[in-house]
Amino acid sequence: MVYLFQFSVSEWILLAAYVAIAVFAILKKRNVYTVIPFAVAALVRVVDAVRWPIFLANVGWDIVRVDVVEVCVVLLYPLAYICLLLLAMVQFTPLLQGLKEKVSGLWYIPAALSLGEGVRTFLNCLLSAHFHGLELILMLRALVTAIILFFIAAWVAFPNGFPRKEKRVSESTVVAQDGFCSMTKHVLLLLFTCGVWMYIWIFKATNFTNGAKGEGQRNPVASMLLCMFVPFYSIVWTYKTARRVDMMAAEKGIQSDLGTLCLILAIVFGILPPILLQDKINAIATAKTNEIQ
């Protein structure tokens with residue numbers, strides 16, 4: 001029980017930051033002062049990341065399983081809140097207006113990073129012989145945090161609601177055939193379907209990248225099953241798919257170099273490559289649609 005209250009003060013500060021952000025959202029205030037609660041939240045997470053190794057050193061580093069679980073908090077949570085802070089700085093301050101369009105397209109990253117802690121905790125539970133209440137608390141906390149950061153980042157990036165360009169009737173048929181998927185829908189399904197959408201997306205992405213010139217055809221069903229049941233095959237599939245996406249993007253004059261990046265991310269944080277790849281697939285599909293029109 002002592003562990004559960006180690007960071008109670010920081011949790012209260014985080015709650016205050018959330019309330020402040022909610023007040024700004026309700027009042028529709030978007031100025032330099034709006035950045036303050038984002039900075040406070042990021043600072044709290046960074047301080048927690050520094051304090052946690054000290055706590056483990058005092059308790060005893062022989063608690064290996066707890067250490068493996070909590071390394072996710074040390075790395076992912078501060079990074080998630082720092083990304084959220086950068087997004088707020090770009091949107092609410094005049095200093096970084098030039099980056100506004102580029103950074104807004106990455107609004108989902110904080111939620112994805114925070115959910116990663118829960119995913120890694122779940123995997124750690126599967127590999128361990130025992131399941132304790134601590135792991136359940138960490139998973140629930142990661143889920144709640146991911147939902148909170150999802151809506152906060154969405155408000156920061158899209159104050160007037162999500163763009164709906166993909167809903168034009170003239171593009172609907174071509175978009176469906178070319179693998180286009182709304183990023184909002186894609187991220188939500190990745191976060192909240194417990195991995196089911198991931199395998200459906202692997203099927204769709206395999207089918208789409210079969211259009212890469214000079215590359216052999218891959219069976220979408222076989223690729224999906226291999227990713228489900230063969231350890232580490234999903235990493236190989238991600239790298240090969242990213243290379244095909246790069247080739248298809250180059251054919252359309254779209255800059256893309258996702259091969260190595262997706263390989264590294266697939267090893268350390270598997271939820272990000274599907275997001276990056278789908279974003280590039282959307283760009284390719286849109287280019288195809290424009291050509292047809």
Side-chain angles (χ1 to χ4, degrees), residues 68 72 76 108-109 111-113 115-129 131 135 139 142-143 146 166 173-251 256-285 288:
V68 172
C72 304
L76 296 181
Y108 47 80
I109 296 296
L113 287 172
L115 188 69
E117 186 262 343
V119 172
R120 293 195 180 206
T121 304
F122 176 72
L123 294 177
N124 187 72
C125 293
L126 293 180
L127 296 175
S128 63
F131 184 86
E135 283 82 354
M139 284 188 288
L143 178 60
E166 69 275 11
T173 303
V174 178
V175 162
Q177 293 175 350
D178 284 346
F180 189 100
C181 180
S182 165
M183 289 303 297
T184 303
K185 170 186 173 182
H186 182 55
V187 174
L188 284 174
L189 290 173
L190 284 174
L191 291 176
F192 304 117
T193 58
C194 301
V196 175
W197 172 251
M198 178 68 173
Y199 295 111
I200 296 174
W201 177 81
I202 287 173
F203 176 91
K204 293 166 65 70
T206 302
N207 188 54
F208 175 80
T209 54
N210 276 339
K213 295 181 180 179
E215 297 291 327
Q217 297 292 297
R218 296 182 297 176
N219 188 313
V221 175
S223 295
M224 181 179 66
L225 293 176
L226 287 170
C227 289
M228 291 176 66
F229 299 111
V230 177
F232 308 114
Y233 182 80
S234 60
I235 297 176
V236 177
W237 179 90
T238 298
Y239 176 67
K240 291 183 177 180
T241 301
R243 289 184 66 252
R244 291 187 178 217
V245 168
D246 289 342
M247 294 172 59
M248 296 177 72
E251 293 172 5
S256 179
D257 189 15
L258 294 177
T260 303
L261 175 61
C262 285
L263 174 62
I264 296 173
L265 290 176
I267 296 173
V268 299
F269 191 45
I271 196 173
L272 284 182
I275 296 174
L276 297 176
L277 288 172
Q278 184 60 52
D279 183 59
K280 194 64 65 175
I281 288 173
N282 286 349
I284 296 171
K288 287 184 177 181

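Of all heavy-atom pairs between C262 and A242, the closest is CB-CB, 3.9 Å. Closest of all the heavy-atom pairs between M198 and G270 is CE-O, 4.4 Å. The two residues W197 and H186 come nearest to each other via the heavy atoms NE1-ND1, 2.9 Å. Contact record, L190 with P274: CD1-CB, 4.0 Å, taken as the closest heavy-atom pair. Shortest non-hydrogen contact noted between G216 and R244 is O-NH2, 2.6 Å. Across all non-hydrogen atoms, the minimal contact from F269 to A112 is CZ-O, 3.0 Å.
Partners of I109 according to the side chain to side chain contact (heavy atoms under 4.5 Å, CB included) rule, which considers only residues two or more places apart in sequence or in another chain, are C83, L106, L113, L272. Residues forming a side chain to side chain contact (heavy atoms under 4.5 Å, CB included) with T260 (at least two apart in sequence, or on another chain): I264. Annotation: side chain to side chain donor-acceptor pair (under 3.5 Å) contacts of T209 (sequence neighbours excluded): R218. Here R243 pairs with nothing under the side chain to side chain donor-acceptor pair (under 3.5 Å) rule; sequence neighbours left out. Partners of Q217 by side chain to side chain contact (heavy atoms under 4.5 Å, CB included), not counting sequence neighbours, listed by chain and number: N210. The side chain to side chain donor-acceptor pair (under 3.5 Å) check on T206 picks up W237, with sequence neighbours excluded.
Using a 4.5 Å cut-off on side-chain heavy atoms (C-beta onward), L263 and I235 make contact. In this structure, M183 and I275 have side chains that are in contact, with non-hydrogen atoms separated by less than 4.5 Å. Inter-residue side-chain proximity for V230 and V236 is flagged as unmet; no heavy-atom pair is nearer than 4.5 Å.
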Review point. Under the side chain to side chain contact (heavy atoms under 4.5 Å, CB included) criterion, do I202 and Y199 qualify, and how do the steps go?
Key: CA-CA 5 Å; I202 287 173; Y199 295 111; 4.0 Å; yes
Exercise for review: For the pair L189 and V196, evaluate side chain to side chain contact (heavy atoms under 4.5 Å, CB included) and give the outcome as yes or no after the intermediate values.
Suggested key: CA-CA 8 Å; L189 290 173; V196 175; over 6 Å; no
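For residues 269-279, every residue pair satisfying the side chain to side chain donor-acceptor pair (under 3.5 Å) rule, not counting sequence neighbours, is listed here: W201-Q278, Q278-N282.
One finds the OG1 atom of T193 at 10.0 Å from the CG atom of L188 (value rounded to the nearest 0.5 Å). We find the OH-OG1 distance between Y233 and T238 to be 10.0 Å, quoted to the nearest 0.5 Å. Rounding to the nearest 0.5 angstrom, the gap separating the CD1 atom in I284 from the CZ atom in F180 is 12.5 Å.
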Could you list the donor-acceptor pairs under 3.5 angstrom formed between side-chain atoms of residues 219-228 and any protein atom two or more places apart in sequence or on another chain?
from, atom 1, to, atom 2, distance (Å)
N219, OD1, V221, N, 2.9
N219, OD1, A222, N, 3.2
S223, OG, N219, O, 3.1

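Around atom NZ of K240, no more than 12 heavy atoms belonging to other residues, nucleotides or ligands sit under 6.0 Å away.
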